[in-house]
Protein chains: 2
Amino acid sequence: MQPTQQDVADLAGVSRQLVSLVVRGDKHVSAAKRRAVQEAMATLGYRPNAAARALVERRTRTIGLVTPGFSNPFFGDLADAIRVAASERNLTPLIGSSASVLEVERSVIDRFIEMGADGLILTGSLLSPEAILKIGELVPVCLLNRPPAKGMVDAVLCDDARGEALATEHAVEAGYKHIVFLEDEDADIPQTSANRRQSGFLAAMKKMGRADEAVTITVTGRVSEAVLQAFDIFNSTDVAFICHNDQIAFEAAVEIMSRGMSLGVDVGVTGYDNTALASFYSLELTSIDQGLARMARGAVQMIESRQRDRKAPGRSEMIEPTLVARRSTRRRLWKK
Amino acid sequence: MQPTQQDVADLAGVSRQLVSLVVRGDKHVSAAKRRAVQEAMATLGYRPNAAARALVERRTRTIGLVTPGFSNPFFGDLADAIRVAASERNLTPLIGSSASVLEVERSVIDRFIEMGADGLILTGSLLSPEAILKIGELVPVCLLNRPPAKGMVDAVLCDDARGEALATEHAVEAGYKHIVFLEDEDADIPQTSANRRQSGFLAAMKKMGRADEAVTITVTGRVSEAVLQAFDIFNSTDVAFICHNDQIAFEAAVEIMSRGMSLGVDVGVTGYDNTALASFYSLELTSIDQGLARMARGAVQMIESRQRDRKAPGRSEMIEPTLVARRSTRRRLWKK
DNA sequence: CTGTTAGCGCTTTCAA
DNA sequence: TTGAAAGCGCTAACAG
C-alpha cells in the first residue's frame, strides 16, 4: 500500500492538512514543522496521489498532445518541445499518436478527455473543423499548424507560405536554373500545410518574375521517380527541388547522390522542418525551421489562457519561420 | 460542468449504480434499461471520470512507456507498437521521453507513478540497476532490450548478439572482402545493446574463421569519418559495414553513395532495427528486425502478470530477431 | 434490478 | 497553525 498523507501526518506528529499544505508549498508553515513533514515524506517514500488530487481540484495539470505519429521526426521534435514548454509551466504532457487513422485519433482524444487533460494540442489532425469545434467546447484546444475554424479554438501557426517562399528565393538566388516544388501526396487533406507551402513557392516564383516556370510535382509513389520526372521535364539536371518536408528532401537528396551527382553543386534541395534528418552530416540539407520551441510555448500558453476564459473568441499566433542554409543548396561556394 | 453518472441516471429514470453497471458493460442489465441509459449518456455527452474511477479501483489501466526520445525513429515505432499492444488489452499507454537526460527520466518516471500508471516499460534507460529495482518495488516494471538485475523486474529482450551475427554472416556470404563493425559512441553506457551487438559480430566472425580480421570502429564524430577510416585501414573499399543501428548505417550509406560508389555492389551496409529509414526507397538498407509487435505484446503481458503477483521473481522473454535483406548488401545480383 | 452505505486520497472551508 | 466536516465522481458489497 502506498503511503497517504495521513501516514505522513502520523509519523511526523502533525495534522493531515498540514501535510497537504507542505506538499503544495504553502508559506504559512513553520520551518520546524515543514522539515518534520518533509522528513516523514522521505522516509515513507510518500507520493501524492494524482487521481485524488484531480478529483477534488477538477484539474490535472496535464495537457494532451495528439500527433499523427513519429515516423516523421518533426513530431518527435515537437513532442520534446512540448515537454519542455509544459514543464516550464509545471504541466505534464500526455503524448498520443493517431497513427494517421481517424478512428485512432478519436479514441486518443476521448481518452485524454476522460483522463481529465486540462487542454489538448492537436497537430496533423484528421478531424473536420466541426469535430474540432465540438471538442473545443469540452476542453481547451489549441491547433498547431492548422488555421482554426471560427469558434472557441486557438491556434499557433508557422507561416508556411513565408517559409516556402524563403526556401524558393534562396534556391533561385543560389543559381539553379529550374525550380521544382515537390508536394506531399496527402496535399488533398483539407487545411494541411501542403497548400500553404505550395502557395508560398508560387508567390516567390511570381515575385521573382518566374511564375510561368513554376513546376509542381506531387509525390505519389517514390520520390526518386518524381526527381527523374523533373529531369525529364526540363531535359536538364540543373534543378533545385523545393520539398514539402525533410523526408521528401531527404529521399530526393539520396537519389541525387546515388546517381553520382553532387548535392548542392549539381542539384539543389531544400527541405522543411529542420529535423534531425536535415542536419545529418553526410546530407546537410537546407531546411526551414519552424521555431518549435516558440510554437510549443505559444501552444501551452494558449491552453492556459483559455482555461481562464473558456468563452473567449479563438485567437491565433503566427510564428516566423527561418531559413537554415546548408550544403544542399550551396552551389557557388563549392563550384570548381 | 461535465455530466456525472447521477445526471445520466436522472435523465434515464434509473438508479445511479445501474448506470455504473452499463458503463462497465455488466451483463445483468435488461436490454431496455441498457438502451435507455446509453441514450441518456449520448444525449448528455457523458464521459466517465477516470480520476474518480482510478481512486476507487486503485488502478488506472494505463502503462507508462519511457523512451530516451524520438530522434531515433526506432523509439517512435516502438511507441506505436506499444500503443497497439496496450489497446489490445484495453490499456492506455502514457508515452514519455527523457531526452536522454537522467534527471528528466527520473521526473518522467515519478510523474507516471504519481499518475498511478499500472506499470512502467523502460527502454534506453539511463538509470542504474539498483535504481530500477527500487522502482520495481513501487510499480511493475518491464525492461525492454536490457537484461534486468536480479530482482522483481521483468524484461523483454531481443537477442542482439544473434541479430548482429545474422547481419555479419549475411555480409560475409554476400562476398565483401572486409567486414567492419561500426559501434555506437555511447557503447560505454552499462548494459546497452551495443556490447551485445558487438559480441554477436565477433562471434560470427570467429565462427566463420575470420576472428582476426574483425575490426570495430567506434563512431565518435561523423560516421563519414569512420567510413573513410575503414577504407584506410584496409587500403580497399571492398568493405561491408555492420552498423549498430539504422541511423549509423544510413549515414554510412549516404557517404558511400556520395563518393560515387554503388551501395550494395561496391560497399555493403547493414543497419539494425529495421526502421523507416531502412526501407527508404533510394536506400533500401539491409537491417535486423527486432519484432517490435511481439516485444510490445510481451512487455504488456509482463506488466499484467506482475500486477497479479508483485512478488514473483523476475522473468525475461527473448525475442528472435530476423534479417531483412535489401539492396544495401545485394552484391551478387547487381554485379555487372 | 434498485437502494443503501461506505470509502478511495485529497483539497477546501470554517471555526477554533 | 490546527481540527472537524464536507465532498469530488465513482465502485463495491449487500440486502432487498
Side-chain angles (χ1 to χ4, degrees), chain A residues 1-38 40-41 44-62 90 110-111 113-118 138-139, chain B residues 1-38 40-41 44-62 90 110-111 113-118 138-139:
Chain A
M1 201 50 210
Q2 291 275 22
T4 70
Q5 283 187 351
Q6 184 65 65
D7 301 327
V8 175
D10 291 348
L11 179 62
V14 300
S15 68
R16 191 161 53 82
Q17 29 293 61
L18 207 242
V19 176
S20 180
L21 291 180
V22 172
V23 168
R24 285 175 289 155
D26 192 296
K27 320 185 75 68
H28 305 281
V29 181
S30 72
K33 298 259 181 186
R34 158 169 288 122
R35 246 188 11 97
V37 169
Q38 283 169 335
M41 292 200 302
L44 256 46
Y46 167 78
R47 319 203 162 229
N49 179 318
R53 176 182 295 192
L55 194 56
V56 55
E57 279 192 323
R58 295 151 155 287
R59 65 179 297 185
T60 53
R61 301 204 68 83
T62 61
N90 192 22
D110 278 355
R111 281 298 289 144
I113 293 178
E114 288 171 11
M115 291 171 73
D118 293 343
L138 266 43
V139 55
Chain B
M1 200 50 210
Q2 291 275 24
T4 70
Q5 284 188 352
Q6 184 66 66
D7 300 329
V8 176
D10 291 348
L11 178 61
V14 299
S15 68
R16 189 164 53 82
Q17 6 328 37
L18 208 240
V19 176
S20 180
L21 291 180
V22 172
V23 168
R24 286 175 286 155
D26 192 296
K27 318 187 76 69
H28 305 281
V29 181
S30 72
K33 298 259 181 187
R34 158 167 289 121
R35 246 188 11 97
V37 169
Q38 283 169 335
M41 293 201 300
L44 255 48
Y46 166 78
R47 320 207 163 226
N49 179 319
R53 176 183 296 193
L55 194 56
V56 54
E57 279 193 321
R58 298 152 155 285
R59 64 180 298 184
T60 54
R61 302 204 67 83
T62 61
N90 193 22
D110 279 355
R111 280 298 288 144
I113 292 177
E114 287 172 11
M115 291 171 73
D118 293 342
L138 266 43
V139 55

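In what follows, chains are A, B, ... by sequence order, proteins preceding strands, each numbered from 1. Owing to the predicted nature of the structure, the values given are computational and were not obtained by experimental measurement.
- Taking 4.5 Å as the limit, some side-chain heavy atom of B/D110 sits within range of a side-chain heavy atom of A/R47.
- One atom, CZ of B/R59, and another, C1' of C/dC8, lie 16 Å apart when rounded to the nearest Å.
- Here the nucleotide nearest the side chain of B/V14, chosen from D/dG9, C/dT2, C/dG9, is C/dT2.
- When all heavy atoms of A/N90 and A/R61 are compared, the pair lying nearest together is O-NE, 2.9 Å.
- Here salt bridge (charged side-chain N to carboxylate O under 4.0 Å, His left out) pairs that include residues 27-37 of chain B, with residues two or more places apart or in two chains, are B/R35-B/E39.
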Heavy-atom contacts, protein to nucleotides 11-16 of chain C, under 4.0 Å, summarised as B (base), S (sugar-phosphate only) or - (none) per nt, yield BB----
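- Among the nucleotides D/dC10, C/dC10, D/dT2, the one closest to any side-chain atom of A/K33 is D/dT2.
- Between the P atom of C/dT2 and the CD atom of B/Q6 lies a distance of 13 Å, rounded to the nearest Å.
- If you check D/dT1, C/dC8, D/dC8 against the side chain of A/S30, the one that comes closest is D/dT1.
- In this structure, CG of B/D26 is placed 13 Å from P of D/dA13, rounded to the nearest angstrom.
- Taking every heavy atom of both residues into account, A/L55 and B/A52 meet most closely at CD1-CB, 3.6 Å.
- Distance, A/N49 CG to C/dG7 P: 18 Å, rounded to whole Å.
- Within the 4.0 Å cut-off from OP1 or OP2 of D/dG3, at least one side-chain nitrogen or oxygen of A/S15 is found.
- In this structure, the NE2 atom of B/H28 is 15 Å from the P atom of D/dC14, given to the nearest Å.
- Between the C1' atom of C/dC10 and the CG atom of A/L18 lies a distance of 15 Å, rounded to the nearest Å.
- Going from atom CZ of B/R61 over to atom P of D/dC10 covers 18 Å, rounded to whole Å.
- Rounded to whole Å, the distance from CE on A/M115 to C1' on D/dC10 is 17 Å.
- For the pair B/R59 (side chain) and B/D118 (backbone), a donor-acceptor distance under 3.5 Å is absent.
- A side-chain donor-acceptor contact under 3.5 Å links B/D7 to the backbone of B/T4.
- Minimum interatomic distance between A/A54 and B/A51 (heavy atoms only, all atoms of both residues): CB-CB, 3.9 Å.
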